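Presented below is the structure to which this report refers.
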Amino acid sequence: MWVGTPVILAGFSLGSFYALIALGFSLILGIARAFNLAHGEMILLSGYLAFVLWHYFQVPFVWILLICSLALVWVTIPLHYLLRRLPEPRGLNTLIVTLGLALLLQNLFLAWFSADYRLMTPDWPILTLPAVNFSLPLHQGVLILLALLATGAVHLLLQRTFLGKALRATIQDRDAAQMAGINVQRLALVAFGLGGLLIGLAGPLFAQNMYLYPAAGAEATMIAIVVTIFAGLGRIRTILLGGWLLGLTQSATVFALGSRWRELVSAVLLLLLLYFRPHGISWKKES
Amino acid sequence: MAAIAPQVCLEVRQIKKFFGDRSVLRDVSFSLEKGEILGLIGPNGAGKTTLFNIISGWQKPASGSVVFCGQETTAWPPDRLSRAGLARTFQSPQIFPEMTALENVLMGAWLQRQRPPLPEAQEEAGYCLSLVGLMDKGPTLAGELPLPQQRLVELARALATRPRLLLLDEIAAGFSQVALNRLAAGLLKLRDQGLTLLLTDHLFTLLEAVTDRVLALDHGEIIAQGPPAALIRDPAVVSAYLGTRYCIINHGGA
Amino acid sequence: MGKIPTSSFAAAAGVLVLAVWPLIFRDAVQFHQVLGITCLYATMALAWNIYALSGAISLGHAAFFGLGAYASALLSHHYHWSPLLTMPLGALASVVFAVIWSLGFRRLRGVYLGLASLAALEIPKTIADNWDRLTYGSMGIVGLDRLPTLSLGWLRVDFGMDLMAQYYLLLGVMLLALLLHWHCIRSRWGWTLRVIRENEIAAAALGIASNRERAKALLLSAYLAGLTGALYAQIMGLVEPALVFNLHLSVLPLVFSIFGGSTMVFGPVLGAFILYPLEQLFLMPLFPMGHSALYGLVIILTVFFFPKGIAAWLPSPPKSV
Ligand SMILES: Nc1ncnc2c1ncn2[C@@H]1O[C@H](COP(=O)(O)OP(=O)(O)OP(=O)(O)O)[C@@H](O)[C@H]1O
Ligand SMILES: [Mg+2]
């Protein structure tokens, strides 16, 4: 195999996962206008749940996916009702409250699971295609497949359904959507619900491919923010592109400089994005 | 320098402004003499606020220039223009919502370029607030006042900075007749003290009462100018306004 | 003259208690230590709040703390200068970062400024983590020179080892910071900051150059935060990237300030003195892991139920203007 192949492969699979991470964040931001700084911690919550189901109860993977997805909906929907009641300024207060939530969750993880690193390692085979000298661990294949499936599903939902049309209208212009008779609050609930499903789905994949530890959420949140601001709202294909670009940049950086520089990549990209686009995501009318 | 145009306070030269490829101001030019009260009328979307924003530094024109007190100020940021003596109010009032009405005005008097000592500023703030007739609202939180009164607070705050030129953007929107008369009397008094004023309005009543001269703006062009009484009869103005009730009613009443 | 207001009495009484109790409880060493660190974090909260007074919520103040700590530690380690010199000099590193911050973030407001500041922390952290030749990477620098011992006649005060002396040092620094903070609220410049915080458009209409004034506030805030970091490094005798560039150091001052009341002179100090000892002395023994959950919970409740902080419940001081 060419030396670059594993780098590109890792970047591609990471990137697909990043797109999945950003998807839920982007939906919630687009429709409810809420920057959820506890996004990464919620993925960890789902990841720890998956770990417990796998380690203590030997639940099959498919069931783990299902249970985690549904479970997280029960976290995000109360969050929706909580954030709705925030006093002005809503944007900043959302940031502060979700930061507090992140801190709370982090410490709960610490109390329940200690600071140890954990990984869900089902004894899955490694896929090999000897003809082209290609091999891929199955869990990585599952990661890519599920991430792409979820992204595709959200894309179809937004583009092809009536609900999707209303969601897109709300993402583009909240006030106009409201005036056109769309129940924006109800849609925000839908967005948090969908976001919960996606976050819940990301958890088990996280637990399989990256180490779970209480402070791991911050990086995931940062990734969601970078990809979302890069892509703009409601543009699912660009989110996928952004995820891949970030994944490839990261794996190239790690390859060239070493793994300690990885976390800097998303931070620097965010700073660059904000430098050139100080209004971040420009929604019409607001700001 | 001063000998060339001692009396000109503001000069606007051939301002062009586009939003995207939409032309909002097309070659607008006029000048304003010291101590003059100039009115600006025009239907919705005529470009009045945009012109104000360009004069006060909030927006930059595509071409053309603004000269304030003999200095080319087109590229200046708004805070610098304010320090040079240009004050303005906004169509949607910009107040400090968590401060009382009096504190709002005090901020104008105390933080202005001359940095007066606090007692002097307090006195000035009280005076300016009484000038707009809001003395009894002094201790009320500005954010809790109705919009027309917020506009007055903003006006008092602008006055407290002791400006040379004051721009008022639809200051009288939502005013009662009584309030309007009081405002008109106040503005005339200020003019007598040497203030130069540029104000827009939809309603002709205020402009008729206070202005010496009115410019009519439509689709970004000055279509007529002259004393208010004459302007109402100007066919160009009437046709620009035709179908909008303000001018008709006023015309009938005049 | 008029009556001396209750709030001044309360403040004077508070300072008196803080100054006197260690003399009475000479053996309560743990308390000396915890309350000393409380003063340190209160100073950090005051520093954070000076920037917040201009309307900016920063999630990156750990960067200033860490830079001050590292710069002081490096000067002390490589040149063996006295901590009395390395601390005020080291804090200048934070000011340099603040200048870059002010230029780079000048167009950012609100949420986006918060996000950018969150990301900004990664830069000095990663550098400290990877520049092995200078900073010894993630190992950090240990065995820094202790703070000196002061002799005044019969009185010998060992700031290096004596926890009570350190408490008094940190209390003194905090009181100075409090004085500065008081100035940042009550002076004409303080009202300028408030005007910017409440409405930047109206501020500009009054002739205030918001970006410049906010940058001034940030430089001041950064210097104080850097000084706090430097003090921490010299008292602990070590720096480590994960220790001094910790997100916790951005979050704690935010929680203390907002919980205490970020528009009040005493707010940040009040927040620190209620929450930090509660966590360290009470919750830590109960929950050895996860006791910091307190801060998360407190900030959520604060934003919902008393967004102006608890200082808003105290007898309000007379209007200075
Ligand atoms: N930021 C902007 N972007 C795009 N178009 C704008 C912007 N600001 C104003 N416009 C357009 O420019 C035109 C002139 O607007 P302006 O606000 O100057 O009008 P106006 O005379 O003040 O109207 P009104 O009486 O309603 O206040 C309007 O058609 C408006 O839609
Ligand atoms: Mg207008």
Side-chain angles (χ1 to χ4, degrees), chain B residues 52-53 56-58 76-100 102-119 121-122 125 138-139 141-143 150 153-155 157-163 166-167 169, chain C residues 1-2 49 52-57 102-103 106-107 109-110 182-217 258 261-265 267 306-309 311-312 316-321:
Chain B
F52 267 36
N53 284 342
S56 55
W58 288 95
W76 288 18
D79 54 283
R80 186 167 173 205
L81 268 156
S82 164
R83 290 195 298 274
L86 187 150
R88 71 166 291 183
T89 66
F90 294 83
Q91 190 165 349
S92 55
Q94 301 290 338
I95 46 140
F96 306 118
E98 308 260 306
M99 296 186 196
T100 67
L102 186 60
E103 279 171 336
N104 262 270
V105 185
L106 180 63
M107 291 304 112
W110 196 33
L111 303 180
Q112 54 127 315
R113 61 195 177 284
Q114 287 153 359
R115 315 243 123 192
L118 185 58
Q122 276 166 330
L141 276 189
Q150 289 190 7
V153 169
E154 209 191 358
L155 169 62
R157 192 184 62 201
L159 288 175
T161 66
R162 306 212 181 177
L166 182 58
L167 311 184
D169 197 355
Chain C
M1 299 300 283
N49 203 52
L53 286 173
S54 75
I57 298 291
S102 291
L103 293 175
R106 71 186 180 283
R107 295 191 297 165
R109 295 289 179 275
W182 178 82
H183 172 82
C184 292
I185 289 181
R186 293 297 166 79
S187 66
R188 190 198 304 249
W189 185 60
W191 282 86
T192 306
L193 291 183
R194 174 159 179 198
V195 158
I196 295 171
R197 177 173 81 229
E198 285 204 19
N199 187 341
E200 235 180 291
I201 294 177
L206 295 186
I208 293 164
S210 318
N211 272 337
R212 204 180 55 212
E213 302 304 327
R214 179 174 288 136
K216 276 191 213 163
I258 295 182
S262 70
T263 60
M264 315 282 171
V265 175
F306 41 101
K308 293 207 154 87
S316 73
K319 288 259 163 178
S320 69
V321 175

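Scope of the values below: all heavy atoms of this structure, side chains included, with no hydrogens, waters or symmetry mates. All chains are named by letter (A, B, ...) in the order of the sequence lines, taking the proteins before the strands, and each is independently numbered beginning at 1. Just so you know, these numbers come straight off a predicted model, no measurement behind them.
Annotation: B:Arg83, atom CZ; neighbour count of heavy atoms from other residues, nucleotides and ligands within 6.0 Å is above 12. For C:Lys216, the NZ atom is densely surrounded, since the number of other residues' heavy atoms within 6.0 Å is greater than 12.
Pairing each heavy atom of B:Trp58 with each of C:Ala204, the nearest pair is CH2-CB, 3.6 Å. For the residue pair B:Leu111 and C:Arg188, the shortest heavy atom distance occurs at CD2-CG, 3.5 Å.
Taking CG of B:Asp79 as the reference point, atom CD1 of C:Ile201 lies at 13.0 Å (rounded to 0.5 Å). If you take CZ on B:Phe96 and CZ on C:Arg194, they are separated by 10.0 Å, rounding to the nearest 0.5 Å. Taking CZ of B:Arg157 as the start and CG of C:Leu206 as the end, the distance is 5.0 Å to the nearest 0.5 Å.
The greatest number of non-hydrogen atom pairs below 4.5 Å with chain C, out of B:Ala121, B:Pro163, B:Gly143, B:Pro97, is found for B:Pro97. The greatest number of non-hydrogen atom pairs below 4.5 Å with chain C, out of B:Gln112, B:Met99, B:Arg113, is found for B:Met99.
For the pair B:Ser82 (side chain) and C:Ala205 (backbone), a donor-acceptor distance under 3.5 Å is present. Side-chain N or O atoms of C:Glu198 include one that pairs as donor or acceptor with a backbone N or O of B:Glu98 at under 3.5 Å.
Residue B:Ile95 touches chain C through its backbone alone, counting heavy-atom pairs closer than 4.5 Å.
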